[in-house]
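One structure is given below, encoded as structure tokens.
If you're wondering where the values come from, they're calculated on a predicted model, not measured in any experiment.
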Amino acid sequence: MNLDIAPGPPDDRVEPFDVEQVSTRRKRQPLYAARKKVFPKRAEGRFRRFKWIVMLITLGVYCVSPWIRWYRGPYAPDQAILVDLASRRFFFFFIEIWPQEFYYVAGLLLMAGFGLFLVTSAVGRAWCGYACPQTVWVDLILAVEHAIEGDRNARIKLDAAPWTLDKIVKRVAKHSIWLLIGAATGGAWIFYFADARSLASALFKGEAPAVAYATVAVLTSATYILGGLMREQVCTFMCPWPRIQGAMLDENSLVVTYNDWRGEPHSRHAKKAQASGRLVGDCVDCNACVAVCPMGIDIRNGQQMECITCALCIDACDGVMDKLAKPRALVSYATLSEYAGNVILATDGGKNVVQPNLVRNADGSFVEGIRHFNCWVIFRPRVLFYAAIWASIGIAMLVHLALRERLALNVVHDRNPQYVLDSDGSIRNGYTLRVLNMVPMPRRIGIRLEGLDGATMKIPEFSKAEGRRFTIEADPDAATTFKVFVTRQAKAAAVSGFRFVIEDENHSDQATYHAAFNTPGAPK
């Protein structure tokens, strides 16, 4: 459709927008942008020390756990933590989980989920900053890089330098150790799925199953690529939690915060500015917080999705404040409500920009109205709600573990034929019984009929006799399957329901199964 519009002078009443076309046919945005390398500086301080402790504990638990022994008797494995895929069982010290008890694993997953909600609501992304496997392994890999190539400036200089023998030696050594870390990661993982001692011996002799070598290779590659090469990109682009955490935070959640109400206006020449009569904040624009950040962000720009709340910027800033003889906590853990209250005070209710004289006394101390962290803010209804759910799931699982039966019975009625008429006029039904002995010791199990008066049973595998009660030997940690024939006279009362009852000889465990006895003319 053609529209004929007469040209004319522009309408001065409409102001044009200052905008540039971003995605056009003549100017396409690149589908891939190369990673800008981050060279974090080594931080020193209480949070860095805490991260070292967490790293040592988590890596120690991960690598040492498969080697811990736990005696369960001569009929069960003595590895404390073992996922026995061949027998379809999971061992955790004194706890043994069978496939039909998978709801315990579901309970653990629920506890992990609510535990993550609980921690995030209380102290922000503490999981990401301290205990996440990506964070732990990157910390270890960065420690190796720092030991071989030096601190931040040395690494930047080496990265930009031409390839010399010294650079090649350092890079080969660094990447070789990264690969060894990856191999140790995969090696520790496979030891959870088989006897660690036997598998380790077979692994080094070249006699282990192919799937073991494949698993080690995959995890070695994953650790090397994700922890050594991608690093912060995993947290920013691959992990969904940064995008979910916003729903878990509220105005009373602790997060790493730049307190601009005392830091602004920042200046690199604070003494000259003060001498000229200008008011300046505590921030000297040294960028120490940016230099130590493993994510390469500036915390002074406020809360960002990339921030993992590792608090290394707090250590860096505290070190600078100590040198300048100023109070610490220019960057600190703070809640949004606390921060907002101080900003209102520093801006005179939002009427002006931050005024340092509004939060400082003449002697440099903070005015009385400044809000500081109060640990009781953590214990609020939302956090207590998550804690109650988390504890309830844990208690329910512990109670069920303590009270669960370690003897189970499954019965399958023969389908073809459903009954047999004997020559003496009696009716016989066949059943397949599966007795599950869930303890690592053999047991003598009594089996009896309840109900169905006048009926008898026969177990051909164990006895040729007929009766209403028998005793069988149940294998340890195994299912014992056998055939049972129940016979009843045709003239007996028309009762079709009865029970198989099994019980160990110590009367500590019992299981019952309600079965049906089929007769001619009975509904099927």
Short N-O contact, Asp78 and Arg72, less than 4.0 angstrom:
no
May I ask you to decide whether Asp159 forms a salt bridge with Arg171, counting only side-chain N to carboxylate O separations under 4.0 Å?
yes
Parallel, tilted or perpendicular, as decided by the 30° and 60° cut-offs, for the rings of Phe114 and Tyr386:
tilted
Ring geometry between Trp376 and Phe379 (parallel below 30°, tilted from 30 to 60°, perpendicular above 60°):
tilted
Test ring-ring contact (aromatic ring centres under 6.0 Å, His included) applied to Phe47 and Tyr333, step by step:
CA-CA 11 Å; Phe47 291 107; Tyr333 272 106; 5.6 Å; yes
Check Arg300 with Asp298, please: is the shortest side-chain N to carboxylate O separation under 4.0 Å?
yes
What is the distance from atom CD1 of Ile308 to atom CZ of Arg125, rounded to the nearest 0.5 Å?
7.0 Å
Glu232 and Arg35 ion-paired at < 4.0 Å
yes
Compute whether any side-chain donor of one residue and acceptor of the other, for Trp137 and Thr185, lie under 3.5 angstrom apart.
yes
Looking only at atom types and distance, does a side-chain atom of Ser121 sit under 3.5 Å from a main-chain N or O of Leu118, one as donor and one as acceptor?
no
Would you list the pairs meeting side-chain hydrogen bond (donor to acceptor under 3.5 Å, both in side chains) in which at least one residue belongs to residues 80-91, sequence neighbours left out?
Asp84-Ser87, Ser87-Arg89, Arg89-Glu96, Arg89-Asp477
Got Ile378 and Leu254 here, is their nearest side-chain heavy-atom distance under 4.5 Å?
yes
Any side-chain donor-acceptor pair under 3.5 Å between Gln303 and Tyr258?
no
